[in-house]
Structure formats: structure tokens, C-alpha cells
Colleague: 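Mind having a look at this structure? Questions to follow.
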Amino acid sequence: MARFIEELKKSHGAGELRLAHQGEEVVLMGWVDTVRDLGGTQFIDLRDRSGICQVVLSSENLSADQLEIAKSFRQEFVVAVRGEVIARGGKPNPNLKTGEIEVTAKEVALLNRSKPMPFQIQDEVDTGEEIRLKYRFLDLRRAPLQRALLMRSKAALIAREHFAAEGFVEIETPVLTKSTPEGARDYLVPSRINKGKFFALPQSPQLFKQLLQVAGFERYFQICKCFRDEDLRADRQPEFTQIDLEMSFVTPDDIMTICDGMLKKMFKGILDVDIQTPIPRITYDEALTRYGVDNPDVRFEMELFDITADTMGSAFQVFSGPANGGGLVTGIVVTGGAKYSRKDVDGLTDFVKTYGAKGLAWLKRDDGSFSGPVSKFVDEALSAALLDKAGIKDGDIVLIVADMDPSVARTAAGRLRTHIAKKEGLVAPDQFGFTWVTEFPMFEKDAETGKLAAMHHPFTSPRPEDIALLGADPLKVKTRAYDIVLNGQEIGGGSIRIHNQEVQAEVFKALGIGDEEARIKFGFLLDALSFGAPPHGGLAFGFDRLVSIMSGLDSIRDVIAFPKTTRAGCLMTDAPSEVDEPQLKELGIKLI
RNA sequence: GGGGUGGUAGUUAAGUUGGUUAUAACGUCGGCCUGUCACGCCGAAGGCCGCGGGUUCGAGUCCCGUCCACCCCGCCA
């Protein structure tokens, strides 16, 4: 074994060998992917990061001692082989990139054994995620996960190259920082030296990157971990990675342009996909009107219609009630949807109910007439609206959501839109649809307390023309904020920030944050704004989401080397775990 | 916090109305095999049916609770 590694160095990746290497002596090291022992001749597929190559082990080329070692090879043993690349004696294997050749072993070594695998190391694996997460180091041997992490690495490199070329400075910000009660729940870290006090892990480096603008760096970026102690989803992990940037003396357009450039390079460099730039921009209001959501999937049409005005006189209370009561009557037309069974529509009804809709009204169009339980309510106004505004045609179904709360109707219809697109396969898997969504409202009303809350964050700059509205009609105030949306997922967001302490004070006031409270929570920021803060703004990409979409994977867990479960734990390390009493005592912490 | 799906050999699954010894495939182990490539053939081992109660003569199967994984709503400035 010492002969390999110390004297005989690995010369090639197993997956790199081609007919051009014919006749060369190579040294391969890697894992035994499969063993095919025919008795007198034994074939193994040797796998390393680069791929797979067939190795021939036979008595014709190996001594008895060596042959005995070869016979001991099992799946996932770590082995080394010295041998000659030859053209396949048998037929080529079209399933392997190295299928034209094989390596005739002249010397072999067993570098390490392996226990039997908990699951097979194959590209397509049907093993449950629970067992794969427990043995994550084995799951990561699989080619799809290797590809995803290699892609992630490449994407990070392209981002660094892009921002470096644009004059950005990469600066690290603290991981142990101050808890801020706004926003997501903080992960807290106790301080041994300051008993009873806690650091918080950053939800984002937001304030620090603004302070770096006050410091005069003008262009900052960082690829950094962020932490949020909230419930998990397929696209949400408690710790995740942002590509974070901030610039001075810029408009929203400047920032969007810089980000367009990064995305263009990434998609070209990694997927060889050309993104049309500038990426289209629509306002928040337009996104809601056309798609019902602020993260629209723009890869397909099926836009929402608004028939509120057309149903005011309807005899159907489900429509006329909301239509006359400040609500909304909206929906979508599914082309060819007349084929839907009652059961299909029931399923869609259950779907919209999860978003708070009371139900789903539907009408089918066939042979120039409407059918369905609601058809008896189709008066002239509704018929005209469905034909002209909604554009329903023979063979279609129209799905309508009406609600006294316009946002409930919009959200339900909007989610229904993407739900059906997925069901009907309206989007190709390798299709990418980008859009910017701009001019978000400054505030939204908290459903429980009725108080105003910052929609983005309280440092977001209102549109200059809306500053006067801050006191008078805050819900009308629009901001210089923008989200970048890809395939219906928010992959980044940012804004121009407030650089003027009077405006900042007004925003705090609108949020019901008093002077004293503001000073305690954000005193350092207000301080900084008072010492010549330049106009500035920025954005942060959700790096995990971006990579997961690029790699065509459904969950960001698949692009994170060691992800956590939906209960925010790690099945491999068993974190989080209990700690010893002395450790708690040292920190001055007592469990209740 | 709420809703849903699932949990049976190492892995993936089947398991009828509650009924004898809980099946299969892959993997593992042993044997045979010199051109296989998901090698093939023969044989063997391998089970806390997630966990805890309950109903019953009898529970993988029915009931209650609980844990875990995943998906969704709420939440995520």
C-alpha cells in the first residue's frame, strides 16, 4: 500500500480516460463501484470524482498474490490500480463516457475496506431522505449530489470574479452580533464573559453592509451564512447562504444592472444558457394584478382576470357580495380544462382553501355555452366578461375565486395558476423565467395587531415622491425596493436604503417605534447616518435557491453539503443536542 | 401552532375481512463461472412490523397516544 500514494501517484481521474490514452500506463485511485467476478476474469468499475472506468483484473496480468487482493475487492472499498489503457476487448459500453476503453491492471492495492453500505451508491436512488441524511457522507458520493456541489462551487467563483471585476471589495462581517427584535426569530449565543447576555447570529449582514458604505468602501460584497430560527420548507433552511452586496451613489437601475450581469455570466458559464438582459421589470402592483403573487412565474401565460365590476349585479351572492363589498372576483382560464372531472375540480378547490379561499367557482365552455353549477348565474355581463376579458374558448374551464379580502382571492388564484401549470406540464424543465419586481409597498398591516410593519425592512427608502405620504397615508407609500424572481421563486431582493436620519426617524415613527426604542435597537445605525452617510443600496441573492434552480433540484437541501431536517436538526451529528450541566453553569444558564 | 403523506429484513416495497412459519427484489455472506458492464447460476443468513398503551382467544392489520422524515398553511422585516 505504501508503494501506492507515496511512490505511485494517482495519474488520472477514472472518468477522464479516452481512446486517446490508449497504450498509456495510468495509476487510478478511487472506490469500487461494482464488481463483476466471472471467475477467471474479474471486472470492476472504479469510481472517483471524475467518473467511472472499467478495470480488468485477471491472472494473465496479475501474480497470484495480486490476484488474491483483487478477489477481496467489494463495493465501496478504496483501491489503487496501476495498469495500461487499452481499447475494449469486448464491446464498448455506450453508457459510460469511458466506454471505449478499459484499464488492464498490472498492480493493485487495497487502500481501505468498507462495511456493507446502508444504501447503494447509485445516481438514481430510491432510499428515503431520512437514511440518506444520517449517512450524508455516503449520499454525497452519488454523482447528482457531487454535480450539484461542483456547480455551487463554480457559481460562487463566477460571482467572485464578477464582483471583483466590477470593483467590489469582499469584506467579512460579524457572526456574533446583536439581536434585533424585528424580523425573523434569532439564533442566540450566550456570552460566558457577560453572563445573562446573548449574541445573535445574523439574519443577514444588513446593517453592517450599510455601515461599510458609511465607511466609504462604495462597493461591498460577501458570500455569507445567514441564520433564521423559523419553520422550514423545501426552500428554507435555518442556515443559508447569501451573495450579499451593497453600493454607494446608485439607483435601483444600477444595482439591477450589476445583478443582471452576474446572472448572465453564471448561466452562460455553468449551463451555457443565454439570459436576455436587461431582465424584464414589473412593478409589485402589476405582479399582483397579473399573477396574484409578488413572485410570479413568468414562464407561462394564464394570467389572472378581474371581473369584479362585471359581477356587481350578479344574482350569485358569492360573486356580488365581494364585488360590492370592496372585495375581488378574479380567476384564471385553463385552456383545454373542460376535460377536468368533478374530482379534479374538488382537488383544486381543496388547494385554494389552503390559502384561505372559501371555495372555487367554475364554468366549462363547450359548443358556445357555459356549463357547471354556476352556469345558471351567468348573466349578460358575466358572459361578456368571461369571453372578452378572460378569453375563455370552447374546451376551456374558468376557475373563479371571490373574496371580501382582495389579497385572499388574489393569492388563491395566483397559487392556483402555478399549481395548474405544474400539473399540466406547461413549463419545460430547462426553461428559465426571470423577472424583477419593483416598487414594493413600504408597509403592510399586521393581521393580528393591526399595526404597521415594514414589508421589506425599516431601512428601505421610500420613493422620493412618496416621502410626504409617510405621515398622511403610509400604506400608499411605495419604495425603491426590488426582488429578483426566477421560475416563481424569489432568489434575491434589495433596496435603496434611507441615508437621511430625518426620513429614518419618520419611518420609525410610522412603525410605532419611539425615539428611545430606536436609539436602543439601532442607535449605531442612526449615529452612522448622521456622519455623512452616502446614498446607498444593495441586494442579497439566496445562493442556495439559485443553485437549486440551476441544477434542476426541488429542494435546497440537495445543494447544501450538510443540511438540516424540517425540525431544524442534523440527523448525522444529532445536533442540536443537550449539554452538560457544568457547561450551562459556566454560561450562567438554567433550563426551565 | 394547524393540515396532509409515510414509517414492515441493510435498502425499496407487498402483506387480503384481524387467523398457522411475515413475502419479494436489490444488497450481504458462501459456492460455481475467462469478456462482463444492473454479469449469470446455485445456496444461506438476515425482522423491536417506529415506540407506548388499549380492544380481542388472537394485532403488521382495529382504536388512542407519541416520536421521526417529507410536503403545505401560518411564520420567514
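Proteins come first, then strands; the chains are lettered A, B, ... in the order of their sequence lines, and each starts at number 1.
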Colleague: Any side-chain hydrogen bond (donor to acceptor under 3.5 Å, both in side chains) involving residues 70-79 of chain A? Give me the pairs, sequence neighbours left out, ordered by first then second residue.
Modeller: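 Sorted pair list: A/D37-A/K71, A/R47-A/E76, A/Q75-A/Q120, A/E76-A/R141.
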Colleague: When you compare B/C41 with B/U36, how far apart are their P atoms, in angstrom units rounded to a whole number?
Modeller: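 It comes out at 15 Å once rounded to the nearest Å.
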Colleague: Would you find more than 12 non-hydrogen atoms of other residues, nucleotides or ligands less than 6.0 Å from A/K423 atom NZ?
Modeller: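 More than 12 heavy atoms, drawn from other residues, nucleotides or ligands, come within 6.0 Å of this atom.
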Colleague: Mind checking A/P458 for me? I need base, sugar-phosphate or nothing, with any heavy atom below 4.0 Å counting as a touch.
Modeller: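 Answer is base: heavy atoms of A/P458 come under 4.0 Å of a base.
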Colleague: Rounded to whole angstrom units, what separation is found between the CD1 atom of A/I101 and the C1' atom of B/C37?
Modeller: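 Computing the A/I101:CD1 to B/C37:C1' distance gives 13 Å.
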Colleague: Does any nucleotide pair with B/C41 by Watson-Crick or G-U wobble geometry, both distances under 3.5 Å, and what is it?
Modeller: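 Per the H-bond distance test, B/G31.
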Colleague: Rounded to whole angstrom units, what separation is found between the CD1 atom of A/I52 and the C1' atom of B/A38?
Modeller: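 About 12 Å, once rounded to whole Å.
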Colleague: RNA chain B: A/S204 or A/R88, which has the more 5' nearest nucleotide?
Modeller: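 Looking at the nearest nucleotide for each, A/R88 comes out on the 5' side.
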Colleague: Using the C1' atom on both, measure B/G3 against B/G50 and round to a whole Å.
Modeller: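 Comparing C1' positions in B/G3 and B/G50 gives a spacing of 22 Å.
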Colleague: Nearest whole Å is fine: how far is B/G7 C1' from A/I131 CD1?
Modeller: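 My rounded result for the distance is 12 Å.
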Colleague: B/G7 and B/C63: how far apart are their P atoms, nearest whole angstrom?
Modeller: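 Taking atom P in both B/G7 and B/C63, they lie 15 Å apart.
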Colleague: So what does A/Q237 touch, heavy atoms closer than 4.0 Å: a base, only the sugar-phosphate, or nothing?
Modeller: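 A/Q237: no heavy atom of the nucleic acid under 4.0 Å.
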Colleague: Please classify the nucleic acid contact of A/T127 as base, sugar-phosphate, or nothing, using heavy-atom distances under 4.0 Å.
Modeller: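 Here A/T127 touches the backbone only, sparing every base.
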Colleague: For A/H499, which residues count as a ring-ring contact (aromatic ring centres under 6.0 Å, His included) partner, sequence neighbours excluded?
Modeller: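 With sequence neighbours excluded, A/H499 shows a ring-ring contact (aromatic ring centres under 6.0 Å, His included) to no residue whatsoever.
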Colleague: For nucleotides B/G4 and B/C57, find the distance between their C1' atoms and express it as a whole number of Å.
Modeller: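 The same atom, C1', in both gives a distance of 37 Å.
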Colleague: Kindly check if the number of other-residue, nucleotide or ligand heavy atoms within 6.0 Å of CG (A/D554) is above 12?
Modeller: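 Result for CG/A/D554: open.
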Colleague: Can you measure A/Q75 atom CD to B/U11 atom P for me and round it to whole angstrom units?
Modeller: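 Answer to the nearest Å: 15 Å.
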Colleague: Per the atom types in the model, does the base of B/U11 pair as donor or acceptor with the side chain of A/R132 at under 3.5 Å?
Modeller: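 For A/R132, whose side chain was compared with the base of B/U11, there is no donor-acceptor pair (under 3.5 Å).
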Colleague: Do A/L486 and A/Q489 have side-chain heavy atoms sitting under 4.5 Å apart?
Modeller: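 The answer is no, as the side chains (C-beta and beyond) never meet within the 4.5 Å cut-off.
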Colleague: Would you please indicate if the ring centroids of A/F459 and A/F522 are separated by under 6.0 Å?
Modeller: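 Yes - the distance between ring centres of A/F459 and A/F522 falls below the 6.0 Å cut-off.
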Colleague: Is there a Watson-Crick or G-U wobble partner for B/U66 with both distances under 3.5 Å, and which nucleotide is it?
Modeller: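 Check on B/U66: paired to B/G50, both distances under 3.5 Å.
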Colleague: Using a cut-off of strictly less than 4.0 Å between a heavy atom of the residue and any atom of RNA chain B, enumerate the qualifying residues of residues 484-506 of chain A by number.
Modeller: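 Contacting residues: none.
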Colleague: Of all of residues 36-45 of chain A, which get a heavy atom below 4.0 angstrom from RNA chain B, listed by number?
Modeller: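 When residues 36-45 of chain A is checked for heavy atoms under 4.0 Å from RNA chain B, the hits, listed by number, are A/R36, A/D37, A/L38, A/G39, A/G40, A/T41, A/F43.
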Colleague: Just the rounded figure in Å: distance from P of B/C29 to NZ of A/K115.
Modeller: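 One finds 14 Å between P of B/C29 and NZ of A/K115, rounded.
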Colleague: Quickly work out the A/L46 CG to B/C37 C1' distance and round it to whole Å.
Modeller: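 Whole-Å distance recorded here is 14 Å.
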Colleague: Counting primed atoms plus P, OP1 and OP2 as sugar-phosphate and everything else as base, spell out the protein contacts along nucleotides 67-76 of chain B at 4.0 Å heavy-atom distance: B, S or - for each nucleotide, 5' to 3'.
Modeller: -SSBSSBBBB
Colleague: Can you check the A/D126 CG to B/U11 C1' distance for me, whole Å?
Modeller: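 It works out to 8 Å between those atoms.
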Colleague: Determine the Euclidean distance between corresponding P atoms of B/G46 and B/G52; express it in Å to zero decimal places.
Modeller: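 It comes out at 23 Å once rounded to the nearest Å.
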Colleague: Would A/F137 and A/F562 count as a close aromatic pair, with their ring centres under 6.0 Å?
Modeller: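 So the answer is no for these two rings.
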Colleague: Provide the distance between the two P atoms, one in B/G15 and one in B/A9, to the nearest whole Å.
Modeller: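 B/G15 and B/A9 have their P atoms separated by 15 Å.
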Colleague: Whole angstroms only, please: what is the CE-C1' distance between A/M117 and B/C29?
Modeller: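 Roughly 16 Å, once rounded to whole Å.
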Colleague: With both distances under 3.5 Å as the test, what is the Watson-Crick or G-U wobble partner of B/C26?
Modeller: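 Its partner is B/G10.
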Colleague: N/O contacts under 3.5 Å, protein versus nucleotides 24-26 of chain B?
Modeller:
none

Colleague: In whole Å, measure the gap between the P atoms of B/A14 and B/G6 for me.
Modeller: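 Rounded to whole Å, the distance is 10 Å.
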Colleague: For B/C70 versus B/A13, give the span between their P atoms, rounded off to a whole number of Å.
Modeller: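 Nearest-Å result for B/C70 against B/A13 at atom P: 16 Å.
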